[in-house]
Visitor: 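Before I ask anything, let me first share the structure, which is written out below as structure tokens.
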Protein chains: 2
Amino acid sequence: MGKLKVPKNGNRKDLIVKAGAALFREKGFGAASMRDLAENLGIEAASLYNHIRSKNEILESVCFNVANRFNLHLDEIETGTLSPIKKIETILRFHIQQMIDNYEEVMVSDREWKHLDEPYRSNFHTQRRNYRKRLATIIEDGIKKGEIKKIDAPTAVVILLHSVTGIESWHRSTAKISGAELEDNMVMIMIDGLRSK
Amino acid sequence: MGKLKVPKNGNRKDLIVKAGAALFREKGFGAASMRDLAENLGIEAASLYNHIRSKNEILESVCFNVANRFNLHLDEIETGTLSPIKKIETILRFHIQQMIDNYEEVMVSDREWKHLDEPYRSNFHTQRRNYRKRLATIIEDGIKKGEIKKIDAPTAVVILLHSVTGIESWHRSTAKISGAELEDNMVMIMIDGLRSK
DNA sequence: CCTACCGATCGGTAGG
DNA sequence: CCTACCGATCGGTAGG
């Protein structure tokens, strides 16, 4: 038998970041303590610092992991040949899927990014603004083509994005509908709301 | 000249609660300190405690002031004779107005209520659930009457409510549209999204 | 990964 | 409304 490598190296940090996302979502970044986090992982607080440099670094990992995922997806969609309204629908469905599969990271990056230290905070803020501008451009394109009703595009973007965070409460609700039903309900409401009649 | 009464009595607490709402919105409840708050008001931290009992009491005031306002408005609408879709539109417009006039308190009550001490936290949570249930009932009524498309009512409620919090970014944006335009844009998207075709 | 500990800051109180 | 101060807890480090 060949020697079994034990590569769990970067792995420990990923575990801490994941547990950090869960804790930050539950308590908020400011109210979450490193001692809490360590206890959730079954180790002492001091031991965390063998894998991460600071509490803020955990937040950085969460925020930029999420931002990268959304930026990459938008890159794909933007250069595609879908109609503007179909592009928006695809992006909306991606946001919903991310919230279903990954909602603790997504919520933390959405709500707690302001606690990022500089220069990360400014960097993240810029990425966020650019992402929204690119969505607004797609919507304006759809208005020009007559597919989307004449609305203020930046307003439509914030409504669209914030409506998705409503899914948070779906996660812990009892007697819930399936993820696919949830997605279709959201698309029915939001895309019909945008579409010109 | 009659003596000028100086009644600024309950007034001092209101001032602290208002400044608290602004600070809690900006930093989050956990990361906001009483020393910060005192500095914003031009006094020492210890002096705050002549007007309030605790940091948590400020949060209680903010959350229950907001909850009372929304509950009272819903009481009025619920017993009125408007059609279901018109009721939802009126409630949506009220939420938007509250966000425009009063957004720091509204945002804090929405985001930070989980930091409430018991029994306030449970009380608030129950009120929140009941409010959403009452909205869902109106939507279900609208579906039965054929005014609203066949969607999952609780899902529609969370989408509706969360879409309004998107207005937050409108507040500090430059080159912004007017409050009335914002309101009409939101109603166009969300109410058309709900309406059966 | 742990024990032991640091300086800073927290919410809040005593006493005037 | 202030000065002075409390015990608790925080993020993080030293040293092994």
Side-chain angles (χ1 to χ4, degrees), chain A residues 5-63 108 112-121, chain B residues 5-63 108 112-121:
Chain A
K5 263 204 212 144
V6 186
K8 313 260 170 197
N9 233 2
N11 228 308
R12 298 296 285 152
K13 183 181 164 182
D14 291 348
L15 225 68
I16 292 172
V17 169
K18 197 173 173 177
L23 190 68
F24 295 166
R25 189 208 55 79
E26 189 195 345
K27 307 234 187 193
F29 181 77
S33 81
M34 297 301 271
R35 283 158 177 83
D36 266 1
L37 177 56
E39 199 181 352
N40 289 353
L41 290 163
I43 60 177
E44 293 300 315
S47 304
L48 292 168
Y49 292 89
N50 289 298
H51 304 99
I52 50 136
R53 275 185 297 270
S54 66
K55 186 186 180 187
N56 215 269
E57 197 203 9
I58 300 176
L59 186 60
E60 289 158 20
S61 294
V62 173
C63 291
V108 167
E112 311 289 344
W113 67 269
K114 285 180 187 177
H115 295 284
L116 249 19
D117 287 336
E118 293 293 355
Y120 299 101
R121 185 186 148 121
Chain B
K5 264 205 211 143
V6 186
K8 313 259 172 197
N9 232 1
N11 229 309
R12 298 296 286 151
K13 184 181 165 182
D14 290 348
L15 224 70
I16 292 172
V17 169
K18 197 174 173 176
L23 189 69
F24 295 166
R25 190 208 55 80
E26 190 195 345
K27 307 234 186 193
F29 181 76
S33 80
M34 296 300 272
R35 283 158 178 83
D36 266 0
L37 177 56
E39 199 181 352
N40 289 353
L41 291 163
I43 60 177
E44 293 299 316
S47 304
L48 291 168
Y49 293 89
N50 288 298
H51 304 99
I52 50 136
R53 274 185 299 270
S54 66
K55 186 185 180 187
N56 215 268
E57 196 204 10
I58 300 176
L59 185 61
E60 289 158 21
S61 294
V62 173
C63 291
V108 168
E112 310 290 344
W113 67 269
K114 285 179 186 177
H115 295 284
L116 250 18
D117 288 337
E118 293 292 357
Y120 299 101
R121 184 186 149 121

Visitor: For B:L116, does its backbone N or O pair with a side-chain atom of B:N56 as donor and acceptor, under 3.5 Å?
Guide: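 Not at all, since once roles are kept as given, no pair shorter than 3.5 Å links the two residues.
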Visitor: Which atom pair, heavy atoms only, marks the closest approach of B:M34 to B:I52?
Guide: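 Closest pair (atom of B:M34, atom of B:I52, distance): CE-CD1, 3.5 Å.
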Visitor: Which of residues 19-38 of chain A sit near DNA chain C, with a heavy atom under 4.0 Å from it?
Guide: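 The stretch gives none, as no residue of it lies under 4.0 Å from the strand.
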Visitor: For B:V17 and B:I58, work out which heavy atoms get closest and say how close.
Guide: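 Closest pair (atom of B:V17, atom of B:I58, distance): CA-CG2, 4.0 Å.
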Visitor: To the nearest 0.5 Å, tell me how far A:K114 NZ sits from B:E26 CD.
Guide: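 Those atoms lie 8.5 Å apart.
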Visitor: Given side chains that start at C-beta, do those of A:S33 and A:K55 come closer than 4.5 Å, heavy atoms only?
Guide: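 Of all side-chain heavy-atom pairs linking A:K55 with A:S33, none is under 4.5 Å.
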Visitor: Anything under 4.0 Å to a heavy atom of chain B counts; send over the first and last such nucleotide of DNA chain D, read 5' to 3'.
Guide: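 Span of nucleotides near chain B: D:dC1 to D:dA4.
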Visitor: So how far off straight is the helix from C:dC1-D:dG16 to C:dG16-D:dC1, going by the axes through five pairs at either end, to 10°?
Guide: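 Here the local axes at opposite ends form an angle of 0°.
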Visitor: Would you compute the distance between atom CG of B:L48 and atom CD1 of B:I43 and round it to the nearest 0.5 angstrom?
Guide: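 Rounded to the nearest 0.5 Å, the CG-CD1 separation comes to 4.5 Å.
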Visitor: Checking the side chain of A:R25 only, and the main-chain atoms of A:V108 only, is there a donor and an acceptor separated by less than 3.5 Å?
Guide: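 No; judged by distance alone, with no hydrogens or angles, the pair does not exist.
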Visitor: Would you please name every residue forming a side-chain contact (heavy atoms from CB on, under 4.5 Å) with B:A22, sequence neighbours left out?
Guide: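 For B:A22, the residues satisfying side-chain contact (heavy atoms from CB on, under 4.5 Å) (neighbours in sequence not counted) are B:E104.
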Visitor: Looking at every heavy atom in both A:S54 and A:Y49, which two are closest together, and how far apart are they?
Guide: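 So the two residues come closest at CA-CE2, 4.0 Å.
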Visitor: Test of understanding: with ring pair (Phe, Tyr, Trp, His ring centres under 6.0 Å), list the residues that count as partners of B:F29, not counting sequence neighbours.
Guide: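 For B:F29 the ring pair (Phe, Tyr, Trp, His ring centres under 6.0 Å) partners, ignoring immediate neighbours, are B:F24, B:H115.
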Visitor: Hey, can you pull the residues of residues 40-49 of chain B with a non-hydrogen atom under 4.0 angstrom from DNA chain C?
Guide: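 Residues of residues 40-49 of chain B that come under 4.0 Å of DNA chain C are, in numerical order, B:A46, B:Y49.
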Visitor: Looking at B:R35 and B:A45, would you say the former's side chain and the latter's main chain have a donor-acceptor pair under 3.5 Å?
Guide: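 Looks like no, no N/O pair under 3.5 Å.
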Visitor: Looking only at heavy atoms, what is the nearest atom pair of A:H51 and A:R12, with distance?
Guide: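 That would be CD2-CB, 3.5 Å.
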